[in-house]
Structures are given as structure tokens and as C-alpha cells.
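Please read the structure below before turning to the comments.
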Amino acid sequence: MIKGVDISSWQKGIIPSKLDIDFCIIKATEGNNYLNPFFHQWVKDCSDHNILYGFYHYYNHNCSAKENARWFWKNVKQYNSKGIAVLDYEEWQGNDASMCEIFMDEYYKLAKVWPMIYISASNCCAFIGSGVPDRCKLWVAGYPRDYATWPKVAQCPYSVKPWKNFDMWQFASDWQLEGYNGLLDANVSNLSRKGWMQIARGDTNKVEIPEHMPSCLELAHEVLDGKWGNGQERVERLDNAFGEGTYTHVQEIVNRLVEG
């Protein structure tokens, strides 16, 4: 598992190489006229210190999907195949899957690489029937609980259908790391460094598929089937396997299932 953060101009003054991270995803652009003034220097810092990096475009409805894609490409093309390109889609308006698909198609025509998409777990279902899940890797956001330490595995407890799996999980938006005084978005991924670069280069059919990690709901059903023991044994086995606090969250689901 690798761990990292995503940053924008809100983190003015941050130096990625001062953080204990494996990857950093940097806001590059928004709409058809905004460029993060720190984008290029942060990419250089990551590159100079062997930190995996990505760059994202925040979709803005002030212009068309194609204009969004063209502006993104104009400002990141020198890093094509060196970092992962991402569409950050957060402002929902109703025909969202179609707009994302147009963006992805336009960017692919320019870069010959399919971007990854960043969305919250609750919005994955909007892409049922869309071509996006078949072409684009998923970076999913979902905050099931407060974490005191990095999760031991990238085990997002939410459904991401119609995607078969996710490639990155943003699990916190208030993370603190030595080397920066402010709050950060924190992420984990089951990708290897090789898998990261395969996505960056567009070799998505060759990416090593992360091992499936059971959701907390799946674990709850396994608990009811007697697979994780009882009492303190259950606490220790679940927390040791999937990270501190997993037992608490799974047990809450177990209780709800038992109560009907």
C-alpha cells in the first residue's frame, strides 16, 4: 500500500518532499481560465524527490466539457505519461455522467491517456450505463470514521459500483503531517509504483489489479457467520487485519443487522 495527499493553492507554502508520503496529487486547473500558481513548482519538487505525482482538473460549469478538457491539457501536457491525470467532479447538475464522458473523450483525443476520475462514493451509482467506468480508473472519497493512524490497507467500506474496484481512496480531509502546519486530504492506494506509472502512461489494461478488500458490510456478514471469533479475539483479529477501529465500525453494522 502507498499513502499520499492531494493539495491545491489552499496549501500555499507546502513542500511535498518535506512530508512522509509516497504520492502527491496536485490541483492544476479549473474551468477554462484558472491555473494553480504553485502547480509547476510542486510537480518539480515531487519529480526531484522521486515522489509519485498526479495532477487534477476541477470541473467548472462556467464552460463546456470540451473547454474544460482543453484547458487542462494545455497546462499539463508537458507532464503527460509522467503523472496521473485526474478529473475532479464535485458540482453535480443532473446530466453529470454525460458531461464527464465528453470531458474524458476530449482529453483522450489530445493526450491518448484516459484520466482517472475523483468522485464521492455516494455518486458512483450515477455512472451506471456510462462508458466512464470501463475507461477510467476511480479515485473515491468517503470518510467512514476518524482515523488516528494511516489505514493498514486501502479498504474503502462503500460500494463503488459500477466500478469493479477503486484505485485510490481519500479517507480523511483533516489529516495532519509533520512538515506542514495545516490540514490535508489523506489518501491510500493498493497500487504499486509500477501500477501508478502504468495508469500515468495510459496502459490501463496492464495495471496490476489491487486485491479485493472486503467492505465493512461484507466483514459484518462474515462475523455473523462466525469467521472472526468472539469477544476480544474478534476485536484483535479485525483491527490487526484491517487497521485500528475496524472492529468498532463492523460491530455497529453487525448490531444493525441483528436488530433487523
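Residue numbers start at 1 and run along the sequence shown. Quick caveat: nothing in here was measured; it's all calculated off a predicted structure.
- Both Trp92 and Met104 belong to a single network of hydrophobic side chains, linked directly or stepwise wherever heavy atoms of I, L, V, M, F, W or Y lie under 4.5 Å apart.
- Remark: the Gln251 side chain and the Asn255 side chain contain an N/O donor-acceptor pair separated by less than 3.5 Å.
- The two residues Leu238 and Val223 have their closest heavy-atom pair at CD1-CG2, 4.3 Å.
- Checked against the 6.0 Å centroid threshold, Phe127 and Trp163 count as a close aromatic pair.
- Note: Asp96 CG to Ile119 CD1 = 10.0 Å, rounded to the nearest 0.5 Å.
- The structure places OH of Tyr108 at 10.5 Å from SG of Cys136, a figure rounded to the nearest 0.5 Å.
- Without hydrogens or angle criteria, Asn80 side chain to Ala111 main chain gives a donor-acceptor distance under 3.5 Å.
- Environment of CG in Asp225: crowded, with over 12 heavy atoms of neighbouring residues, nucleotides or ligands closer than 6.0 Å.
- Atoms CD and CG, on Gln170 and Leu184 in that order, are 10.5 Å from each other to the nearest 0.5 Å.
- Hydrophobic clustering (side-chain heavy atoms under 4.5 Å, transitive across Ile, Leu, Val, Met, Phe, Trp, Tyr) keeps Val113 apart from Tyr59.
- With ring centers used as reference points, His40 lies under 6.0 Å from Tyr79.
- With a 4.5 Å cut-off on side-chain heavy atoms, Gln41 and Asp45 do not count as touching.
- Here the two rings, on Tyr89 and Tyr118, have centers that are 6.0 Å apart or farther.
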- Message: Show, in sequence, the C-alpha distance, side-chain angles and deciding distance for Val160 and Leu138, and conclude whether the side-chain contact (heavy atoms from CB on, under 4.5 Å) test is met.
- Response: CA-CA 9 Å; Val160 296; Leu138 176 64; 3.7 Å; yes

- Message: Let's go through Ile128 and Lys161 carefully: what are the C-alpha distance in whole Å and the side-chain angles of both, what is the deciding distance for side-chain contact (heavy atoms from CB on, under 4.5 Å) to 0.1 Å, and is it a yes or a no?
- Response: CA-CA 8 Å; Ile128 293 174; Lys161 292 181 180 179; 5.9 Å; no

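- Ring to ring, Phe171 and Tyr147 are close: their centroids are under 6.0 angstrom apart.
- A 4.5 Å side-chain heavy-atom check between Asn32 and Asn62 finds at least one atom pair inside the cut-off.
- With contacts defined as side-chain heavy-atom distances shorter than 4.5 Å, the pair Tyr56/Ser8 qualifies.
- Summarising the geometry of Asp22 relative to Arg193, their closest heavy-atom pair is O-NH1, 4.4 Å, with the distance given to 0.1 Å.
- Under a hydrophobic-cluster definition in which Ile, Leu, Val, Met, Phe, Trp and Tyr are linked whenever side-chain heavy atoms come within less than 4.5 Å, directly or via other members, Leu110 and Val132 are assigned to the same cluster.
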- Asn60 and Asn68: side chain to side chain donor-acceptor pair (under 3.5 Å), yes or no, with the steps? CA-CA 7 Å; Asn60 193 311; Asn68 272 270; over 6 Å; no

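- Between Phe72 and His57, the ring-plane angle classifies as tilted under the 30° and 60° cut-offs.
- Minimum heavy-atom separation, His61 to Glu91: NE2-O, 2.7 Å.
- In terms of hydrophobic clustering, with Ile, Leu, Val, Met, Phe, Trp and Tyr side chains grouped at heavy-atom distances under 4.5 Å, Tyr34 and Trp73 are assigned to different clusters.
- Summarising the geometry, atom CD belonging to Gln11 is positioned 12.5 Å from atom CG belonging to Asn181; distances are rounded to the nearest 0.5 Å.
- Few gaps surround CG on Asn95; more than 12 heavy atoms of other groups in view lie less than 6.0 Å from it.
- Between Ile199 and Met116, the closest side-chain pair of non-hydrogen atoms falls below 4.5 Å.
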- Give the C-alpha distance, both sets of side-chain angles, the deciding distance and a yes or no for side-chain contact (heavy atoms from CB on, under 4.5 Å) between Met197 and Leu52. CA-CA 8 Å; Met197 293 310 301; Leu52 297 168; 4.2 Å; yes

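- In terms of heavy-atom proximity, Tyr143 sits nearest to Ser173 at OH-CB, 3.9 Å.
- For the pair Pro16 and Trp42, the tightest heavy-atom approach, listed with the atom from each and the gap, is CD-CD1, 3.9 Å.
- Around the CH2 atom of Trp10, the shell of radius 6.0 Å holds no more than 12 heavy atoms that belong to other residues, nucleotides or ligands.
- Closest heavy-atom contact between Arg237 and Gly229: NH1-N, 3.8 Å.
- Heavy-atom neighbours of Glu233 CD from other residues, nucleotides or ligands within 6.0 Å: above the threshold of 12.
- The hydrophobic clustering, which links ILVMFWY residues whose side-chain heavy atoms are closer than 4.5 Å, places Ile84 and Ile2 together.
- Val5 places none of its side-chain heavy atoms less than 4.5 Å from the side chain of Ile25.
- Side chain to side chain, Ser98 and Glu101 fail the donor-acceptor criterion of an N or O pair below 3.5 Å.
- Salt bridge present: Asp105 and Arg135 bring a charged side-chain N and a carboxylate O closer than 4.0 Å.
- Cation-pi contact between Lys12 and Phe38: absent, since separation from the ring centre below 6.0 Å together with deviation from the ring axis within 45° is not met.
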- Kindly determine whether Asn36 and Thr29 satisfy side-chain contact (heavy atoms from CB on, under 4.5 Å), including the steps that lead there. CA-CA 6 Å; Asn36 176 5; Thr29 52; over 6 Å; no

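- The CD1 atom of Ile7 sits 3.5 Å away from atom SG of Cys24, with the distance rounded to the nearest 0.5 Å.
- Remark: side-chain polar atoms of Trp196 are not paired, donor with acceptor, to backbone N or O of Leu191 under 3.5 angstrom.
- Tyr58 places a side-chain heavy atom less than 4.5 Å from the side chain of Lys27.
- In this structure, Ile51 and Ser17 have side chains that are in contact, with non-hydrogen atoms separated by less than 4.5 Å.
- Side-chain polar atoms of Glu222 and Trp228 form a donor-acceptor pair below 3.5 angstrom.
- To the nearest 0.5 Å, atom CG of residue Asp174 and atom CG of residue Leu183 are 6.0 Å apart.
- Note: Trp139 and Phe166 fail the aromatic proximity criterion, with ring centroids not under 6.0 Å apart.
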